[in-house]
Structures are given as structure tokens and as C-alpha cells.
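Just so it is clear, the values below take in all heavy atoms, side chains as well, and ignore hydrogens, waters and symmetry mates. Here the structure is a predicted model, which means the values were calculated and not measured. Just so it is clear: chains get the letters A, B, ... in the order the sequence lines come, proteins before strands, and each one is counted from 1.
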2 protein chains.
Amino acid sequence: MTEQNLLTTPPRHIAPPAWKLSTTSGTEMIEQLLRTYQRRSHAGTVVALEGSTSHVVFCVLSGWLSLSKSMEDGQRHIIDFALPGDLVNSVCANNKTNALQIEAVTSATVAVIPDYRWASLLEDLPQLKNLEDRVIAGTLSRLSERMLRLGKGNAETRIAYAMIELCIRLRAVGAVRDWTFHLPLTQQQLGDFVGLSSVHVCRTLRSLSRLGVIAMKDHMDITIHNIDGLAKIAGVDPRALENQIIPSGRR
Amino acid sequence: MTEQNLLTTPPRHIAPPAWKLSTTSGTEMIEQLLRTYQRRSHAGTVVALEGSTSHVVFCVLSGWLSLSKSMEDGQRHIIDFALPGDLVNSVCANNKTNALQIEAVTSATVAVIPDYRWASLLEDLPQLKNLEDRVIAGTLSRLSERMLRLGKGNAETRIAYAMIELCIRLRAVGAVRDWTFHLPLTQQQLGDFVGLSSVHVCRTLRSLSRLGVIAMKDHMDITIHNIDGLAKIAGVDPRALENQIIPSGRR
DNA sequence: CACGATGATTGATGTGCGTCAATCGCGCGA
DNA sequence: TCGCGCGATTGACGCACATCAATCATCGTG
């Protein structure tokens with residue numbers, strides 16, 4: 001049911017914004033491909049192991065994935081979330097080893113596209129190359145912004161920024177209505193994402209609630225009540241967000 | 001003089017490892033291009049402003065660049081360093097706006113290649129595409145590793161990891177001899193890189209010295225005395241480093 | 001040669017966040 | 001229906017790191 005939100009809000013025939021090309025024929029071609037390689041993962045499933053070899057590109061069709069890294073002592077950090085419409089090519093340099101562990105946070109449908117298939121598609125549809133570049137640039141930009149807060153921001157800054165980033169990304173796929181969206185995360189997971197303990201995530205969320213900038217309902221339904229106040233806490237120019245965080249060209 | 005180290009150790013005719021292609025003709029073509037667009041920046045110069053528009057690709061030929069981001073209150077974080085041989089395409093999604101501020105840490109020579117020129121080069125030399133992919137994957141991998149330590153590691157872990165990462169990257173361009181290399185950074189800059197105050201960077205470096213894993217001479221000449229101990233503190237498998245951090249294929 | 005500037009070093013003090021622990025609330029399965 | 005378990009919440013306490021401040025070392029400059 002957590003995932004129902006995400007499945008119903010965008011058009012059901014799977015065409016997240018990133019995939020909307022100008023040519024209709026291209027779009028159809030891609031949708032065909034996505035359907036072919038589509039797979040379903042239950043919440044909590046490990047989709048790809050950190051360090052394993054892999055020759056695929058992932059495209060999220062519905063649900064959330066987490067991309068994480070762990071230290072030897074078991075400490076885990078969530079480097080990024082992959083939301084519907086996101087493209088994930090989790091290989092590291094040189095060899096084809098996964099740099100990140102990919103897990104399904106909610107139950108999710110993911111297109112698992114073989115490398116060679118993706119490469120040939122790129123040749124048929126040169127516009128895709130452009131899209132791929134934008135996705136990569138967007139990812140780097142997001143990571144940088146988050147890193148900045150992780151290094152220099154306090155708990156409120158980090159949480160506020162996470163809320164803004166996720167809200168904007170979710171809005172791009174139609175999963176936000178009236179500044180309200182569903183966060184299918186435990187406070188532990190949110191903590192692993194922003195670099196805080198789950199206890200302190202809790203305190204910080206309540207602190208932000210008390211300030212009136214956000215509100216929470218039913219275990220993680222978030223409403224942003226005062227985006228300007230939230231942006232101020234997060235240390236962002238709200239206008240800059242529009243261009244910086246949304247990877248695809250859509251509104 | 002800081003930069004002299006970097007200029008003399010690699011072959012003087014500018015061919016950092018990333019640029020070593022299998023075909024000799026390709027290499028010559030590229031070297032020609034690099035010479036054409038080569039420019040010199042003094043230490044401390046701002047090469048590209050955060051938020052400015054830009055249509056270029058940077059290639060570092062000698063010296064260090066820092067890629068940083070600032071919050072409104074002036075707090076700065078160094079997202080990455082660009083070392084000799086590194087490729088920097090600091091544009092964010094959608095528009096052609098620099099997501100990062102690029103500064104010369106030491107005096108540096110940088111090839112500033114126009115976008116269109118780079119694009120046409122990619123068509124002439126398909127191998128370059130491969131290289132570009134590896135550079136991007138390497139960058140993402142480095143950012144992830146650093147983010148993990150930033151989120152979950154203590155001061156010693158972060159500093160130890162930074163030393164290992166920089167040592168390996170510098171070794172790839174021949175700037176390490178007998179586990180010794182020159183760090184052209186103030187402790188303030190190193191702090192902005194790992195997310196610590198300059199005071200605590202100092203304390204941590206001295207702590208690592210006392211443990212005997214590293215040694216320092218003359219304001220930032222670093223020697224790694226015990227790589228296994230250092231890797232243990234950094235929370236890394238030393239063998240994994242070889243593949244994970246070096247973006248190019250060279251040892 | 002004294003000087004001022006910049007950065008490293010070291011100590012003292014404060015605090016933001018982690019950790020531990022107890023309680024609460026809810027959903028789920030027997 | 002009761003109980004079990006996971007996650008949220010809240011309080012108490014401690015620590016790692018930031019901050020402030022003083023001293024020192026080095027270097028370039030008039």
C-alpha cells in the first residue's frame with residue numbers, strides 16, 4: 001500500500017518523465033524495452049550486491065530503491081535513492097563491479113536492461129545520450145549538495161534539505177499533491193541517508209514540526225507547510241532548486 | 001615550487017595516464033588539442049565560478065584544482081580535488097550552469113576545451129567515450145566512498161581515508177615515491193575536504209603520526225609508513241582500493 | 001633586522017549528537 | 001482476543017568535535 005501511492009499517481013503505462021522524448025516512436029520503442037525486462041522486487045530485497053559483477057542498467061518503474069555502501073564494521077550509509085523514472089548504472093571504474101548495494105525500499109518494479117541492449121538503444125536513439133548525460137549530471141549535483149550539508153550542516157539543515165530534495169524529485173513524477181508526499185522510510189533509513197542516528201532523526205523531525213515548517217501524519221506522510229522557512233533552514237535558495245535538482249527536463 | 005614536484009615527476013610532454021590510449025595517433029591528436037587550449041592559473045585563482053554558465057571541459061595538466069560548494073553563510077566544502085590527468089565537466093543538469101566552484105589550489109596548467117570541440121573529438125575517437133565513462137564512474141565511486149566516511153566515520157577514519165585516496169591517485173600520475181607525496185593543502189583546506197575544523201585536522205594528523213602510520217615533514221610532505229594500519233583505520237580493504245579508486249587503467 | 005601575515009600547534013571550554021534504556025503505539029499472526 | 005515485535009518517542013548521560021584563544025614557526029617585505 002505504500003507503493004500504491006506511487007503506482008497510481010503517474011500514468012499506469014510506465015512512462016516516467018525522464019523517458020518522455022520528443023519523438024513518439026522513440027518513446028514507444030523504450031516502453032517496449034522496459035516492459036520486456038521488467039521485474040518485481042519485494043520490499044527489503046537486495047537487487048544487486050555491493051562488490052558483485054554486473055552488466056546491466058536499472059530503470060526504476062515504480063517504488064523506491066536505496067543505493068548504499070557499508071564499512072567493515074557494518075555501518076551503512078545510503079548514498080542515494082532511486083525513485084520512479086531514475087536510471088541507475090551502478091558500476092565502478094575498470095571492472096564491472098557494483099560500487100553500491102542496491103535494495104528495494106518498498107516493493108518495486110524495475111527494468112533490468114542488459115548493457116549491450118542499452119548500448120544498442122543509445123545508437124538507435126541519439127537523444128538518449130543527452131538524457132543519460134543529464135541524469136549523470138543531476139546525480140553528481142545531488143551528491144554534491146548532500147555532501148555539503150553532511151560536511152557543514154547540522155541535523156536540522158540536513159533533514160530539511162532531504163525533505164526538499166525528495167519533495168522536488170517526487171513532484172517530478174507526480175507523487176506530490178498539495179505539498180504532501182509519502183516517505184516510505186523508517187527513521188533509521190532516513191538517518192542512514194542524512195548521517196544521523198535514528199533517535200536524532202526523530203528529535204529533529206519533531207523540532208521541525210514544532211517550528212511549523214513541516215507536518216507528519218501516519219508514520220511518514222510529510223506535508224511541507226512553509227517551503228521558504230524550510231529552504232532557509234536547509235540553506236538553499238528555493239528558486240535554485242528547480243534547476244539544480246530535477247534531473248529530467250520536465251516541470 | 002609546490003607544483004614543481006608534480007611537473008617534474010611525470011613525463012614533461014603532458015600525457016597523464018588517463019590519456020594514454022592504445023592508438024598512438026589518437027594520443028598525438030589529443031596532445032595537440034591539449035596544447036592548443038592550455039592555460040595557466042596561479043595558486044588561489046578562481047577558474048570557474050559556482051553558478052556561472054560554461055560550455056567547456058577542463059583537463060588538468062599540472063597542479064591541483066579544488067571543486068567546492070558553499071552555503072549561504074559562507075561555509076565551504078571541497079567536494080573533490082582534480083589532479084593532473086583528471087577530466088572535469090562541472091555542469092549541472094538542464095542548463096549549462098556550473099554546479100561547483102573551481103579553484104586552483106596550486107599554480108596549475110589546465111586545458112580549457114570548448115564543448116563543441118570535445119564533442120567532435122569524441123566522434124573521431126570512440127575510445128574516448130570509454131575513457132569518459134570510466135572517469136565518471138570513478139568520480140561517483142570516490143564521492144560515494146567519501147560520503148560514507150563523512151556520514152559514519154570519525155576524524156581518524158576520514159583523514160586516514162583521505163590520505164589513502166590521495167596517495168593512490170597521486171601514485172597513478174607518478175607523484176609518489178617511496179610512499180611519500182606532497183600535499184599542497186593548508187589544514188583548513190584539508191578540513192573543508194573531510195568535514196573537520198582545521199584545529200581538529202591538526203590534532204588528528206598528529207594522532208596518526210603518534211600511531212606511526214604516517215609521518216609529516218615540511219608542512220605537508222606525507223609519508224605512509226604502515227599502509228595496512230592506515231587502511232584499517234580508514235575502514236578499507238587495501239586490495240579493494242586498487243580497483244575502486246584509480247579511474248584509469250594504469251597501475 | 002624588525003615587522004606583519006599566515007598557518008600550525010596546543011589548551012580550555014562548550015555543545016550537538018550518539019548511545020543506552022525505558023516506554024509507548026501499532027499492526028500482525030496465532 | 002491476546003501477545004509479540006518492530007519502530008517511534010522521550011529522557012539521561014557521555015563523548016567527539018567545534019569554538020575560542022594564546023603561542024609559536026615560518027616566510028616575505030620594507
Side-chain angles (χ1 to χ4, degrees), chain A residues 1-2 4 42-44 71 73-77 105-106 149-162 182-211 214-222 233 235, chain B residues 1-2 42-44 66 71 73-78 105-107 149-162 182-211 214-222 233 235:
Chain A
M1 52 188 62
T2 51
Q4 218 60 343
H42 294 295
M71 294 212 293
D73 60 3
Q75 302 257 63
R76 195 179 58 137
H77 190 85
V105 174
T106 68
R149 268 95 194 162
L150 198 53
K152 304 288 175 186
N154 59 20
E156 289 198 349
T157 300
R158 298 189 210 169
I159 295 281
Y161 185 78
H182 181 71
L183 263 196
L185 304 174
T186 64
Q187 297 187 346
Q188 177 66 247
Q189 289 169 320
L190 186 51
D192 287 344
F193 182 52
V194 299
L196 293 172
S197 70
S198 64
V199 174
H200 210 69
V201 166
C202 176
R203 278 193 249 268
T204 307
L205 281 173
R206 309 215 81 251
S207 156
L208 291 176
S209 297
R210 240 177 286 118
L211 288 174
I214 66 170
M216 301 164 54
K217 245 194 326 195
D218 303 335
H219 274 254
M220 293 274 146
D221 272 339
I222 306 285
I233 295 172
Chain B
M1 51 190 61
T2 51
H42 294 295
S66 69
M71 294 212 293
D73 60 2
Q75 301 255 63
R76 196 177 57 136
H77 190 85
I78 294 178
V105 174
T106 68
S107 63
R149 267 96 195 162
L150 198 53
K152 303 289 175 185
N154 60 18
E156 290 198 347
T157 300
R158 298 189 211 169
I159 295 281
Y161 185 78
H182 182 71
L183 262 197
L185 303 175
T186 65
Q187 297 187 345
Q188 177 66 247
Q189 289 169 320
L190 186 51
D192 286 343
F193 183 53
V194 299
L196 293 174
S197 69
S198 63
V199 174
H200 210 70
V201 166
C202 176
R203 280 192 246 267
T204 308
L205 281 173
R206 309 217 80 249
S207 156
L208 290 177
S209 296
R210 241 177 284 117
L211 288 174
I214 66 170
M216 300 163 55
K217 245 196 324 197
D218 303 335
H219 274 255
M220 291 275 145
D221 272 338
I222 306 285
I233 294 172

Exercise: do B:Gln189 and B:Ser66 side chains pair donor with acceptor under 3.5 Å: no
B:Thr157 (side chain) donor-acceptor with B:Ile233 (main chain) under 3.5 angstrom: yes
A:Asp73/B:Lys152 ion pair, N-O < 4.0 Å: no
d(CG, B:Leu208; P, C:dT9) in whole Å: 13 Å
Length of the CG-P vector between B:Leu205 and D:dC17, whole Å: 13 Å
Heavy-atom side-chain proximity of B:Met216 to B:Ser209 below 4.5 angstrom: yes
Length of the CD-C1' vector between B:Gln188 and D:dA18, whole Å: 12 Å
Selected nucleotide, minimal atom distance to B:Arg206 side chain, candidates C:dG7, D:dA8, C:dT10: C:dT10
Residue A:Gln187, side-chain atoms from C-beta onward, closest of C:dT9, C:dG7, D:dA8: D:dA8
Interatomic distance, A:Met216 CE vs C:dC26 P [rounded to whole Å]: 14 Å
Between P of D:dC27 and NE2 of B:His219, the distance in whole Å: 7 Å
Short heteroatom pairs, N/O only, protein and nucleotides 16-20 of chain C, under 3.5 Å:
from   : atom 1 : to       : atom 2 : distance (Å)
C:dC17 : OP1    : A:Ala155 : N      : 2.8
C:dG18 : OP1    : A:Ser197 : N      : 2.9
C:dG18 : OP2    : A:Ser197 : N      : 3.2
C:dG18 : OP2    : A:Ser197 : OG     : 2.9
C:dT19 : O4     : A:Arg203 : NH2    : 3.0

Whole-Å distance separating the NZ atom of A:Lys217 from the C1' atom of C:dC26: 18 Å
Expected output: side-chain B:His42 to main-chain B:Ser107 donor-acceptor under 3.5 Å: no
Side chains of A:Asp221 and A:His182, donor plus acceptor under 3.5 Å: yes
Between P of D:dA8 and CG of A:Asp218, the distance in whole Å: 13 Å
Spacing between B:Lys152 atom NZ and D:dA16 atom C1', to the nearest angstrom: 16 Å
